[in-house]
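Data first, discussion second: the structure below is written as structure tokens.
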There are 2 protein chains.
Amino acid sequence: MVTIYDIAAQAGVSAMTVSRVINNTGKISDKTRAKVRRVMEELNYVPNHMARSLVLQQSKLLFLLITDITNPFYTTLARGAEDAAKKHGYRLLFGNSDESVDKEKDYVDAILATRADGVLVAPAGDLSLPHLESLRMHNVPFVLLDREVPGVGSDVVLGDSKEGSRKLVDHLTSRGHRRIALINGSPTISSARLRHEGYREALKLNDLAYDERYVHEMAFQLRNDLSEIESWLDGMTPPPTAIVAGNNVLAVEVIRTLHGRGLRVPDDVSVVGFDDLGPYSEIDPFLTVIAQQAYQFGYLGMQMLVERIQERGGESPQPWRKIVLPADLIVRRSVADAK
Amino acid sequence: MVTIYDIAAQAGVSAMTVSRVINNTGKISDKTRAKVRRVMEELNYVPNHMARSLVLQQSKLLFLLITDITNPFYTTLARGAEDAAKKHGYRLLFGNSDESVDKEKDYVDAILATRADGVLVAPAGDLSLPHLESLRMHNVPFVLLDREVPGVGSDVVLGDSKEGSRKLVDHLTSRGHRRIALINGSPTISSARLRHEGYREALKLNDLAYDERYVHEMAFQLRNDLSEIESWLDGMTPPPTAIVAGNNVLAVEVIRTLHGRGLRVPDDVSVVGFDDLGPYSEIDPFLTVIAQQAYQFGYLGMQMLVERIQERGGESPQPWRKIVLPADLIVRRSVADAK
DNA sequence: CTGTTAGCGCGTTCAC
DNA sequence: GTGAACGCGCTAACAG
């Protein structure tokens, strides 16, 4: 491996001079600078970030930890984070926790060991608390995305989940639906809780009764086993005429299950959900959804993270900031008038 | 920051003993091992991967470089690579080149500087040659995914692009289509070339003439400007009754353009493409496509990469391997009988 | 303008 | 069983 010492020897200078050329620090004569540059080219020198980070005590490495890399909401968010990181001269690494608190813990340990300068996290849920405290204790700045964690102080970018639920329910009632069910993520996830609350409040405002049997909470994540949804559907009598899904994955699973029973959407049951199904949903717009500004989640979150890193060691720490992005209803074909 | 020296001092042993406990090497008495372990917990010690890698001359870090993180084909591939990497005890970092050779070059430089032990790369195209040679020169093993690069020797995982094109064209002719157009990625990308060849051969086998005006080559990437497609469509007289798209992004763009002109798919024009539109396409299956086994691309590629890394320094190097994954036609609703 | 010294956190080698 | 010395590649601090 070529090191600055190899360059130094070949160029007839000291390693320090080479280092200065690389980093554009100090004053170097044009002659020696040119010579060093030439030798670096000849020897195909590549700087060693690890050695550099070791002495500088900063890696210029940021980490984005999301819960589902196959979910278009998170990949679009990732693009936003990537662009913002690049703009500020940071490299960005991605991790995928799969909605698993355990996998997330492993990633946090890896992040700590990698000495990343900061982390952008979409936490798996309230049980992420210990990992986040771990980051805090080790003085690694982080920003939460899409989900809050009770007991954790930090900057955060959220969607307006409660308002989103209200809009979905209102849309359904405006089409005459009165038996509206909710299939949602685990209540250990803040956004799921808010969506549940918004649903409940919207029912009340529309003079509809809240019935526990019409609400089901399960993992926000894709499974091949649809039996859980099956038995929930069986338990609702009379069956709902419309279903609200807490995210895009659940929307897909519900629709698959309905199809499996020979029920058509929206002819037999209407379905709406949170988050779009990807950039490709435009060609055959089907699912009526609350679309969130995924790119902005990543871009703005990264912006706040970088500011926190730069502020570190500065004077008075700023208070935590919370950005709430709007929830826009996009009406498509998955809702029909109630019969 | 807590180091092994802090642990050592607190536990009344030498740093070396702590290191041995961490790595389970050498012989340590149970008593000291327990004591060291306890102190590590108390002080919340986290090992420093960078320092470790510096001395060991290996990072246990692998890199996956894809061209579009918002494309479901690549995210599914990424999941495969992630699972395989984890299985072998490697951490995996992701990079996103955006189909840009320049951005790709930046990433390769970063990878080199990071001292990753190996790279999985879906190259931006034939012009990726210099970067790949750079990796080779620095002795960083890599495996190519989805695309070959002339002049580069390496392991590679490909889809059966030629056969895929044939199946698409045959499907269209079986429905009576005779004016079949092709919109494809740049011919500097091997998979685009093969898809073009397959298209051409299939036309011939079906006794259809090849007409240059019915073929358009452009970037495989998403743009907001549809005018390029517009003018291509204008240039085809008589207009095609069916269009083959070289990947999922182009399929979406073509359909959007057609919709913009008030043309319906498949009623007015049939459209087929390569690669699925994500896990969500199942709920409202629209586009007829050649589906590739995206997860396997990543999983098998990673497997080969790890083997190469482990073989390094070994005896006789194995010959390069090429895995060709099958191309399966999935018939959905975007094709109608020709009038 | 340029070089010397020291140390970032850790593991290998060799001694005890 | 355990420890001391050294070096991985690099840069900050200080000399000159």
Side-chain angles (χ1 to χ4, degrees), chain A residues 1-37 39-40 43-61 109-110 112-117 138-140 313, chain B residues 1-37 39-40 43-61 109-117 138-140:
Chain A
M1 178 173 306
V2 179
T3 74
I4 55 170
Y5 286 96
D6 300 323
I7 313 281
Q10 188 78 19
V13 296
S14 77
M16 201 51 233
T17 301
V18 177
S19 172
R20 284 197 258 260
V21 170
I22 293 172
N23 298 295
N24 269 316
T25 56
K27 308 248 174 224
I28 307 264
S29 76
D30 288 350
K31 217 173 291 180
T32 53
R33 187 196 314 280
K35 169 129 206 174
V36 168
R37 286 251 166 79
V39 176
M40 282 182 14
L43 269 48
N44 286 301
Y45 170 75
V46 176
N48 186 323
H49 277 335
M50 298 186 308
R52 192 165 200 278
S53 303
L54 194 56
V55 24
L56 291 184
Q57 298 286 52
Q58 58 147 354
S59 59
K60 279 287 175 182
L61 223 58
D109 288 344
L112 252 17
T114 309
R115 299 298 189 267
D117 293 340
H138 289 279
N139 204 27
V140 179
Chain B
M1 175 173 307
V2 181
T3 74
I4 55 171
Y5 287 94
D6 301 321
I7 312 282
Q10 189 78 19
V13 297
S14 78
M16 201 48 238
T17 302
V18 177
S19 172
R20 283 199 259 261
V21 170
I22 294 171
N23 298 296
N24 270 316
T25 55
K27 307 251 174 220
I28 308 265
S29 77
D30 289 349
K31 218 172 288 180
T32 54
R33 187 197 315 280
K35 170 130 202 170
V36 169
R37 286 250 167 80
V39 175
M40 282 181 15
L43 269 47
N44 286 302
Y45 170 75
V46 176
N48 187 323
H49 277 337
M50 297 185 310
R52 193 166 200 279
S53 303
L54 237 199
V55 25
L56 290 184
Q57 297 287 52
Q58 59 148 350
S59 59
K60 278 286 173 184
L61 224 58
D109 288 344
I111 289 167
L112 252 17
T114 309
R115 299 298 190 265
D117 293 339
H138 289 280
N139 204 27
V140 179

Problem - For the student: nearest non-hydrogen atoms of B:Val13 and B:Val18, plus distance - result: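 Taking B:Val13 first and B:Val18 second, the nearest heavy atoms are CG2-CG2, 4.0 Å.
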Practice task
Of all the heavy-atom pairs spanning A:Ala8 and A:Ser14, show the shortest one and how long it is.
Solution key: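 Answer, listing the atom of A:Ala8 first, then A:Ser14: CB-C, 3.6 Å.
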N or O in side chain of [X] less than 4.0 angstrom from [N] OP1/OP2:
{"X": "A:Thr25", "N": "D:dT11", "result": "no"}
{"X": "B:Ser14", "N": "D:dG3", "result": "yes"}
{"X": "B:Gln57", "N": "C:dG11", "result": "no"}
{"X": "A:Arg52", "N": "D:dT11", "result": "yes"}
{"X": "B:Ser19", "N": "C:dC10", "result": "no"}
{"X": "B:Thr32", "N": "D:dT2", "result": "yes"}
{"X": "A:Thr17", "N": "C:dG3", "result": "yes"}
{"X": "A:Asn23", "N": "D:dT11", "result": "yes"}
{"X": "B:Tyr5", "N": "C:dG11", "result": "no"}
{"X": "A:Ser29", "N": "C:dT2", "result": "yes"}

Whole-Å gap separating [atom2] ([N]) and [atom1] ([X]):
{"X": "A:Ile22", "N": "D:dC10", "atom1": "CD1", "atom2": "P", "answer": "7 Å"}
{"X": "A:Leu56", "N": "C:dC8", "atom1": "CG", "atom2": "P", "answer": "14 Å"}
{"X": "A:Asn24", "N": "D:dT11", "atom1": "CG", "atom2": "P", "answer": "12 Å"}
{"X": "B:Lys35", "N": "D:dG1", "atom1": "NZ", "atom2": "C1'", "answer": "17 Å"}
{"X": "A:Asp30", "N": "C:dT2", "atom1": "CG", "atom2": "C1'", "answer": "15 Å"}
{"X": "A:Ile4", "N": "D:dC10", "atom1": "CD1", "atom2": "P", "answer": "5 Å"}
{"X": "A:Lys27", "N": "D:dG16", "atom1": "NZ", "atom2": "C1'", "answer": "18 Å"}
{"X": "B:Gln58", "N": "D:dG9", "atom1": "CD", "atom2": "P", "answer": "14 Å"}

Exercise for the section: Decide yes or no, distance alone: a donor-acceptor N/O pair under 3.5 angstrom between the base of D:dG9 and the side-chain of B:Arg115. Expected result: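 No, no donor-acceptor pair under 3.5 Å.
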Problem - Donor-acceptor pair (no angle test) under 3.5 Å: B:Arg33 side chain, D:dG1 base - result: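 Answer no: no donor N or O sits under 3.5 Å from an acceptor.
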Practice task
Quick one: label A:Met50 by what it contacts on the DNA or RNA (base, sugar-phosphate, nothing), any heavy atom closer than 4.0 Å.
Solution key: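 Here A:Met50 touches no strand at all.
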Handout entry: DNA chain C: 5'-proximal contact among B:Asn48 and B:Arg20 (nearest heavy atom)
Key =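 On the 5' side of the pair lies B:Asn48.
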Exercise for the section: Please answer whether the main-chain N or O of A:Ala110 pairs with a side-chain N or O of A:Thr114 as donor and acceptor at a distance below 3.5 Å. Expected result: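 Pair found, side chain donor or acceptor close to backbone of A:Ala110.
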Handout entry: side-chain contact (heavy atoms from CB on, under 4.5 Å) between B:Leu54 and A:Asn48, intermediate numbers included
Key = CA-CA 9 Å; B:Leu54 237 199; A:Asn48 186 323; 4.2 Å; yes
Exercise for the section: Find which nucleotide of DNA chain D each of A:Val18 and B:Met16 is nearest to by heavy atoms, and output the residue with the more 5' nucleotide. Expected result: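 That would be B:Met16.
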Problem - Nucleotide nearest B:Tyr45 (side chain, heavy atoms from C-beta), chosen from D:dC10, C:dG9, C:dC10 - result: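 Nearest listed nucleotide: C:dC10.
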Problem - Beyond-backbone contact of A:Met1 with B:Arg115, side-chain heavy atoms, under 4.5 angstrom - result: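 Yes, side chains in contact.
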Exercise for the section: Test side-chain contact (heavy atoms from CB on, under 4.5 Å) on A:Lys35 and A:Lys31 and set out the steps. Expected result: CA-CA 6 Å; A:Lys35 169 129 206 174; A:Lys31 217 173 291 180; over 6 Å; no
